[in-house]
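Here the structure is laid out as structure tokens; the discussion comes afterwards.
Sequence lines set the chain letters: A, B, ... in the order given, protein chains first and strands last, and positions in each chain run from 1.
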Amino acid sequence: MLFSKALIPTLKETPADAEVASHQLMLRAGMIRKLAAGIYSYLPLAQRVLQKLKIIIREEMNSIDGQEITLPAVQPSEIWEKSGRWNIYGKELLRFKDRNNRNFCLGPTHEEVITDLIRREVKSYRELPLTLYQIQTKFRDEIRPRFGIMRAREFVMKDAYSFDRDEAGAEESYHKMYQAYTNIFERCGLEFRAVEADTGSIGGSFSHEFMVLADSGEDVVVYCEGCGYAANLEKAEVKPPVGLLENESLKNLEKVHTPEQKTVDEVTNFLGITPDNLIKTLIFDTDKGPIAVLVRGDHEINEIKLKNLLGCEYLLLADDDTVEKVTGAPRGFAGPLDLNIPVYADNILKGATNMVTGGNGKDVHYKNVNEPRDFKTTRFADLRTAEEGDPCARCGKPLHMRRGIEVGHIFKLGTKYSKSLHATYLDQAGKESLIVMGCYGIGVGRTVAAAVEQHHDKDGIIFPKALTPYQVLMLPININDEILRKAAFQMYDKLSQAGIEVLFDDRDERPGIKFKDADLIGIPIRITIGSRNFERGKVEVKYRESGKMELIDSEKTVKYIKGFFNKKI
RNA sequence: CGGGGCGUAGCGCAGCCUGGUUAGCGCGCAUGCCUUGGGCGCAUGAAGUCGGGAGUUCAAAUCUCCCCGCCCCGACCA
């Protein structure tokens, strides 16, 4: 491709509304442009990168017998009503009516459509297992789109669905998919981790997220170097403490006056204690009525764990009125003593001695509260958010944390959708059974953004070999020098004929501009053709990643480039 | 949805508080000259419903009200 004919509108300055590196660089490199909040156009350079990723994805999907399909983006409300998600999905689901006043939505995901299709078309165990996938634009009316195409409203996603006769089959499909995902992200040259995840609103029994590690990631990856355990922060389990409690003598319960001391900071400062000597009591409203939850003062409650423990749909920190009704005190003075609602406590509080808690009265706290002497606990469980250094639930070694970008998510769905949408088959005995499903997503655009996020420097993008829009950027110093011009075009033809993807910067621009653009766009190899070197039959090769430069015989360019790209990753 | 901020040429911004020339600056763009190994120099030029509407005023980019769009923080989320 001739640069002079390409639509690659690079920007010298960083647009004001771009915050993270990938967003800034993709705008500056002329890859994307915004049309509306969270809605982007993909320009040629981005299109080529997306295309490369899609090819990798297709190869890996096909290799596990996935079959590509295309499902409708516009979906009727009926199937969503059947699955029950028309009401639950909320505002994220963009709804509208057609001319006949029928309800439709723009597909945020395709479980309903695919299950409906399979329900009609698959009747016998002989037709299972089956894995189908598509690469398609989805729409989710995100509350707050941000970070360019990392969290957009309209975005390209690869979604796959597996259909099996039974649980064992579904697990096999899941594991194949897990392997395919691992292959995909490895081939992309990304540093990532597969982590255990909560199943969220999609439902189902287990799930992994594929996280590209990057400091700017929105999610936190918790991992253990001892046993390889990895989970996202919502899910990461903390090992219950064993035998850690010192045999401190139990002191007498004492009521203290704590005027206007409500927060953990205030109370601990006022009483001259540290937060780990305090029990934080939080009142939650749930669909099963109000409950109290206890965690240590220096810990954070994990609402996902709590929700899963209780098995409830609705869970929200109670408002002031409820707190007052339940504890008899304003917010800030709740404690577990004499509460007549269920009390759930984090594992670490089991047998806790001489703690401070709220006194369930205005300006009152208790000192020397002891479990179980002074209050009853309905149940102990792992209810807090893991922290750096906490013991791993599997092996006890300290947990570590890094930030990550979720680029893939796989779920074993079970029969959630086949049940609600009646997707069944007849087994060998002629008995009707529910199809067991799995669903598997990859954020295609987000993966590209994550690649940029992970691979860039102050000068611009550094594309991994597998995703680069072009393999080589040719940069003649002076296109008006007839000899150079001719030689450069000859080399361009030669490389192109050898099957190398070349972006040839034939623009009549000053070298500085071309060098800056070359660094910004981030093609792995730059071939610079200058008159002094060329007179000696040499061209300069510069590697974008390492910054290394070397002079090579211009005759050997093709071989050289091929050698570079044949090396793994 | 709550809190904060922004909207002036393609991009980045000044001007607004304290209303009053022809609305500026840098980059980009066009043309010419010059230059050619890291966003070069000189000259000329095109380009603006000052987000939209209503109002106050002799006079509004500037003051008031309403609306729209966008960004940040939070809640939320495969």
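Rounded to whole Å, the C1' atom of B/A14 lies 14 Å from the corresponding atom of B/U62. If you take atom C1' in B/C50 and the same atom in B/U22, they sit 15 Å apart, rounded to whole Å. One C1' atom belongs to B/C27, the other to B/C73, and the distance between them is 31 Å to the nearest Å. Between the C1' atoms of B/G28 and B/G39, the separation comes to 11 Å (whole Å). Taking atom C1' on both B/G15 and B/C6, the two are 16 Å apart, rounded to the nearest angstrom. Between the C1' atoms of B/C68 and B/G19, the separation comes to 25 Å (whole Å). When the P atom is used for both B/U49 and B/A23, the distance is 13 Å, rounded to whole Å. On the P atoms, B/U31 is 29 Å away from B/C13, given to the nearest whole Å.
Residue contacts for A/Asp481: at a heavy-atom cut-off of 4.0 Å it reaches no nucleic acid atom on any strand shown. A/Arg532 comes within 4.0 angstrom of nothing in the nucleic acid, heavy atoms only. Heavy atoms of A/Phe155 sit under 4.0 angstrom from at least one base atom. Contact annotation for A/Asn533: base contact, defined as any heavy-atom pair under 4.0 Å involving a base atom. Base contact: A/Ile477 has a heavy atom under 4.0 Å from a base atom. If you check every strand for non-hydrogen atoms under 4.0 Å, A/Arg153 touches nothing. When heavy atoms are screened at a 4.0 angstrom cut-off, A/Thr528 is found touching base atoms of the nucleic acid. Residue contacts shown for A/Lys138 are absent, as no nucleic acid heavy atom lies under 4.0 Å away. Across all strands shown, A/Asp159 has no heavy atoms under 4.0 Å from either base or sugar-phosphate atoms. Using a 4.0 Å heavy-atom criterion, one finds that A/Gly530 contacts the bases of the nucleic acid, with or without backbone contacts as well.
Separation of the A/Tyr178 and A/His208 ring centroids falls under the 6.0 Å cut-off. A ring-centre distance under 6.0 Å is not found for A/Tyr161 and A/Phe411. Ring centers of A/Tyr470 and A/Phe463: at least 6.0 Å apart, outside the cut-off.
Using a 30° and 60° split on the angle between ring planes, A/Trp80 and A/Tyr89 fall in the perpendicular class, above 60°.
Here B/C77 is the nucleotide among B/C77, B/C73, B/G38 with the atom lying nearest to any side-chain atom of A/Glu92. Proximity note for A/Ile143 (side chain, C-beta onward) versus B/A78, B/C13, B/C1: the nearest is B/C1. Minimum atom distance to the side chain of A/Pro15 is reached by B/G12, of the listed B/C27, B/C1, B/G12. Which of B/C70, B/C73, B/G37 sits closest to the side chain of A/Ala37 comes down to B/C70. The side chain of A/Arg146 lies closest to B/C73 when the candidates are B/C71, B/C73, B/G12. Considering only side-chain atoms of A/Lys516, the nucleotide from B/C11, B/C70, B/G39 that sits closest is B/G39. In the set B/A78, B/C27, B/C29, B/C27 carries the atom at the smallest distance from any side-chain atom of A/Lys12. The side chain of A/His409 lies closest to B/A78, out of B/G37, B/A78, B/C1. The A/Lys91 side chain lies nearest to B/C1 when the options are B/C1, B/C29, B/C72.
Side-chain atoms of A/Gln24 come within 3.5 Å of backbone atoms of A/Ala18 as a donor-acceptor pair (strictly under, hydrogens ignored).
As the counterpart of B/C70, B/G5 is assigned, both hydrogen-bonding distances of the Watson-Crick or G-U wobble pattern falling under 3.5 Å. Pairing partner, B/U44: B/A30, with both Watson-Crick or wobble hydrogen-bond distances short of 3.5 Å. Across all strands shown, B/U64 pairs with B/A54; the Watson-Crick or G-U wobble distances both stay below 3.5 Å. Both distances falling under 3.5 Å, in either a Watson-Crick or a G-U wobble arrangement, occur for no nucleotide opposite B/A75. The pairing partner recorded for B/G37 is none, the criterion being a Watson-Crick or G-U wobble arrangement whose two distances lie under 3.5 angstrom.
We find that CG of A/Asp508 is positioned 11 Å from P of B/A30, with the value rounded to whole Å. Distance A/Leu93 CG to B/C76 C1': 15 Å, rounded to the nearest Å. Going from atom CG of A/Asp517 over to atom P of B/C27 covers 17 Å, rounded to whole Å. The CD-C1' distance, from A/Glu13 to B/G39, rounds to 11 Å in whole Å. Following rounding to the nearest Å, A/Arg510 (CZ) and B/C34 (P) show an atom-to-atom distance of 14 Å. Whole-Å rounding puts the A/Asn232 CG to B/A78 P distance at 11 Å. Distance A/Ile513 CD1 to B/U35 C1': 12 Å, rounded to the nearest Å. When the P atom of B/G38 is taken as reference, atom CG of A/Asn478 falls 13 Å away, rounded to whole Å.
Ion pairing between a basic and an acidic side chain is recognised when a charged N comes within 4.0 Å of a carboxylate O; A/Asp219 and A/Arg403 show no such pairing.
Considering only side-chain N and O atoms, A/Lys34 lies under 4.0 angstrom from the phosphate OP1 or OP2 of B/C71. At the phosphate of B/C73, OP1 or OP2 sits under 4.0 Å from a side-chain N or O atom of A/Arg144. Within the 4.0 Å cut-off from OP1 or OP2 of B/C11, not a single side-chain nitrogen or oxygen of A/Arg28 is found.
With hydrogens and angles ignored, a donor-acceptor pair closer than 3.5 Å exists between the side chain of A/Arg151 and the base of B/C77. A donor N or O paired with an acceptor N or O is found under 3.5 Å between the base of B/G37 and the side-chain atoms of A/Glu540.
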Could you walk me through whether A/Lys82 and A/Glu112 pass the salt bridge (Lys or Arg N to Asp or Glu O under 4.0 Å) check?
CA-CA 9 Å; A/Lys82 270 190 196 164; A/Glu112 280 79 2; over 6 Å; no
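Place A/Met157 and A/Ser531 on RNA chain B by their nearest nucleotides, and A/Ser531 ends up nearer the 5' end.
A/Glu92 has its side chain out of reach of A/Ile143: every pair of non-hydrogen atoms, C-beta onward, lies at least 4.5 Å apart.
Under a cutoff of 6.0 Å and an axis angle of 45°, A/Arg140 and A/Phe155 do not form a cation-pi pair.
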